[in-house]
Amino acid sequence: MSVILIRALLLYVLVIFSVRLMGKRQLGELQPSELVITILVSNIATLPLEDTDIPLVIGAVPILALVCFEVLVSWLDLRSVRFRKVLSGSPKIIISGGVIDYDVLRELRFSVDDLMMALRSKDVFSPEEVQFAIVETTGSVSVMKKSAEDTISRKDIGLAPEESDPPQVVITDGKLQRTAMESIGLDDEKLAALLKRAGVPREEVFIMTADPYGGCYISRKSGGAPVLLKGGDEK
Amino acid sequence: MTRIKLSAAILLGLVILSIVSGAWIIRSCRDLQIRSIQVEEAWLTGDVEEAYRLACLLEEDWESFRRPAAVFLRSRELLEIDRITSRVRYRTASGGELQPELAELRHMLEQLRSSVIPRPETVL
C-alpha cells in the first residue's frame, strides 16, 4: 500500500512537471498533437500506478519522451509553415459572403447541424448574417459578421475611444500588493490620500482596487456597503 | 527556449539511459550465461565441488544483477529466472536434473537479453 502511495506521489510530480513543460498552450484549446499527448500521458501514468509489477521507470520514460517530442515538435511547428500544415492542418473557410461551401463542409465531416450550433454559439442565427466563417485547426469556428449585422462600435458613431487601464487589487485581506501598486503608479503617499478621501483606515480595508486615474473601490473588513471613489485623470 | 533546451536535454538523458541500461543488461545476461556453462562443464567432468562453488557464484551474480535490474525490467520477467537460479545450487549438490535447469536458465537469459535489443520483432 505504501509503495502505491509513494508511486502515486512520484507520478503526480512527474505529470505536473510534464504538463508544465508542455506550457500554458496545453491548458487552452488543444491542437491535434497536444490532444494525443494528453490522452497518452494520462493513460501511461495509470499503468505503473495500478500495477506494481511494472517499474516506475517504464511509466516515466514514455511520459517524458512524449512530452519532450511534443515540445520539440511545437518548436518545429513554429519554424516551418509546411510542417505546421502537415501536423495541425490549416483553417478552412466554410462560409464566405453568406454562402456555405458544402464541399469544405463535407471534407471536414461537418454536418449542417454542427455548423448551425457553432454559429449559434457566436450569437448568429442565420448563415446569411455571416461574411466569413472559418473552422480553425482546433475545430473551433471563428465568425465574422457582415457589417450590416455587426454590433455598432464607438468608432462607428464617432465617439472618442476611451483607452483605460484596468483597476488593480492593491490591498487584499489588509495586505498591500506592491507589484500591483507599482503597475498603476500608486505609492504609499497616494494610497494614504485615497484612503483619507474614502474615510477608511488602512487596518479596516479588506479589499481595495484602484485604477491609474484615481478611482477606487474599498470593501471593509467589518462589512457594509463598499466605498466607491471616481477618479479624474490623475496619472 | 528554456523548455526546448530542457526537453532536448531530457531526451538526450533518456537516450543515454536506454543505451547504458540496455548495454548493462546485455553484458550481465551474457556473463550469467557463461557462468551457467561453467557450472555445467564442471558438473559434467564430475567435479561436483567446483560445480557447487560455481553454482553459488551464479546465484550471487544473479542476486547482484536482479536488484538494480528491477528498476528497468518487469518483476514478472525476473521472477522465473530467480526461481531457477535458486534451484541450481541444490541440483548440483543432489545430482538432480541440472542440465535441463541450466538450459532453461540460459534460454530465459537469452530472451531477456534480446528483449532489450531494438530489433523489428522487439519493437513491433
Pick from Leu17(B), Thr2(B), Ile10(B) with the largest number of heavy-atom pairs that fall under 4.5 Å of chain A: Ile10(B)
Taking atom CD of Glu49(B) as the centre, report whether more than 12 heavy atoms of other residues, nucleotides or ligands fall under 6.0 Å from it. no
Between Arg30(B) and Gln33(B), is there a side-chain donor-acceptor contact under 3.5 Å, judged purely by atom types and distance? no
Straight-line distance of Gln168(A) CD to Thr209(A) OG1, nearest 0.5 Å: 9.5 Å
Residue-level interface, residues 57-83 of chain B with chain A, non-hydrogen cut-off under 4.5 Å: Ala70(B), Val71(B), Phe72(B), Leu73(B), Arg74(B), Ser75(B), Arg76(B)
Among Val67(A), Ile58(A), Leu56(A), which has the most heavy-atom pairs under 4.5 Å with chain B? Ile58(A)
Hydrogens and angles aside, do Ser111(A) and Asp114(A) bring a side-chain donor and acceptor to less than 3.5 Å of each other? yes
Any side-chain to backbone donor/acceptor pair from Ser28(B) onto Ile25(B)? Under 3.5 Å, distance only. no
When you look at CD of Glu97(B), are more than 12 heavy atoms from neighbouring residues, nucleotides or ligands closer to it than 6.0 Å? no
Please say which of Asp211(A), Val170(A), Leu176(A) ends up in a side-chain contact (heavy atoms from CB on, under 4.5 Å) with Leu186(A). Val170(A)
Ile4(B) portion near chain A, given a 4.5 angstrom heavy-atom threshold: both
